[in-house]
There are 2 protein chains.
Amino acid sequence: MDNNLYKRKAEIFKALSNPVRLEIIDLLTTGEKCVCEIVEQLNYEQPHISKSLNKLKEVGLIQDRKEGLNVYYSLKICCMGDFFNCLNKIINQEK
Amino acid sequence: MDNNLYKRKAEIFKALSNPVRLEIIDLLTTGEKCVCEIVEQLNYEQPHISKSLNKLKEVGLIQDRKEGLNVYYSLKICCMGDFFNCLNKIINQEK
DNA sequence: GTTATATATTCCAATTATGGCATATAAAGA
DNA sequence: TCTTTATATGCCATAATTGGAATATATAAC
């Protein structure tokens, strides 16, 4: 396989390699959310959430949509759920 | 979800967030390989490969088995393929 | 024991990520 | 225009990651 493809995939995994960003992804699986809702649900500073959202957007995992003052984010890929379930299995085996 | 679960998942993604380690995973999808075979196929120093293998093993993605001087590594999870295919779709959409 | 071979570990400098705080922007209302 | 509100960006110190080079360990053969 092309070396750049590995780099590109590694970037996607890097975007997912942070607990806060994973929590955001999890929140978005229940549908589109504005930044304010995400800030409210998670216990982190708004700038931190904004930067996290930007990182996820950069690698193409989420997309945004403006509406007045609000910015709504939503998942851009659908196969995340299956992989997360798979990881849960691995993690549960450890106990 | 428990905060530690997010941390644990983030660690797994971090292990996958490197092109060399992804190449190793790819190699192992065709079956068990000894370190020497992996070093031969990929163009990296042996210590680098060893460290990469160790990181993948630490998070539970691969396992090892000794036989004489050789150490054989193999995948420990089976759902990787599906997720990789999913990522390929995302990456291909960009073109 | 000594040597050769396969693999792992250590050390290190350079780069990159993290998360907090302050500040900037942009849209809407008065 | 001035203010408020939602979101984004910049700066910074600390921490983590990267990959190379040298070295250590472990097993097997002699």
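Every heavy atom of this structure was used, including side-chain atoms; hydrogens, water molecules and symmetry mates were not. Order of the sequence lines fixes the chain letters, A, B, ..., with proteins taken first and strands second; residue numbering starts at 1 for each chain.
- From Leu42(A), atom CG reaches atom CG of Leu27(A) across 5.0 Å, with rounding to the nearest 0.5 Å.
- Atom CD in Glu40(B) sits 11.5 Å away from atom CD1 in Ile49(B) (nearest 0.5 Å).
- Near DNA chain D, defined here as any heavy-atom distance below 4.0 Å, the residues from residues 64-76 of chain A are Leu69(A), Asn70(A), Val71(A), Tyr73(A), listed numerically.
- Sorted by first then second residue, the salt bridge (Lys or Arg N to Asp or Glu O under 4.0 Å) pairs that include residues 63-74 of chain B, not counting sequence neighbours, are Glu32(B)-Arg65(B), Lys57(B)-Asp64(B), Arg65(B)-Glu67(B).
- Note: Leu53(B) CG to Ile25(B) CD1 = 9.0 Å, rounded to the nearest 0.5 Å.
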Tell me which donor-acceptor pairs under 3.5 Å the side chains of residues 12-20 of chain A have, and how far apart each pair is, sequence neighbours excluded?
unit_1   : atom_1 : unit_2   : atom_2 : d
Ser17(A) : OG     : Lys14(A) : O      : 2.7
Asn18(A) : OD1    : Val20(A) : N      : 2.9
Asn18(A) : OD1    : Arg21(A) : N      : 3.1

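- Distances shown here put a side-chain N or O of Asn18(A) below 4.0 Å from the OP1 or OP2 atom of dT18(C).
- Residues of residues 36-55 of chain A that place a heavy atom closer than 4.0 Å to DNA chain C, in numerical order, are Glu45(A), Pro47(A), His48(A), Lys51(A), Lys55(A).
- Rounded to an integer number of Å, the gap from CD1 of Ile24(A) to C1' of dT18(C) is 14 Å.
- Note that CD1 of Ile38(A) and CD of Glu23(A) are 11.0 Å apart. Values are rounded to the nearest 0.5 Å.
- Sorted by first and then second residue, the side chain to side chain donor-acceptor pair (under 3.5 Å) pairs with a member in residues 69-80 of chain B read Gln63(B)-Ser74(B); sequence neighbours excluded.
- As rounded to whole Å, 10 Å separates atom C1' of dA8(C) from atom NZ of Lys57(B).
- Atom CG of Leu56(A) is separated from atom C1' of dA8(D) by 15 Å (rounded to the nearest Å).
- Distance, Glu11(B) CD to dA16(D) P: 12 Å, rounded to whole Å.
- Sorted by first and then second residue, the pairs that involve residues 30-67 of chain B and meet ring-ring contact (aromatic ring centres under 6.0 Å, His included), not counting sequence neighbours, are Tyr44(B)-His48(B).
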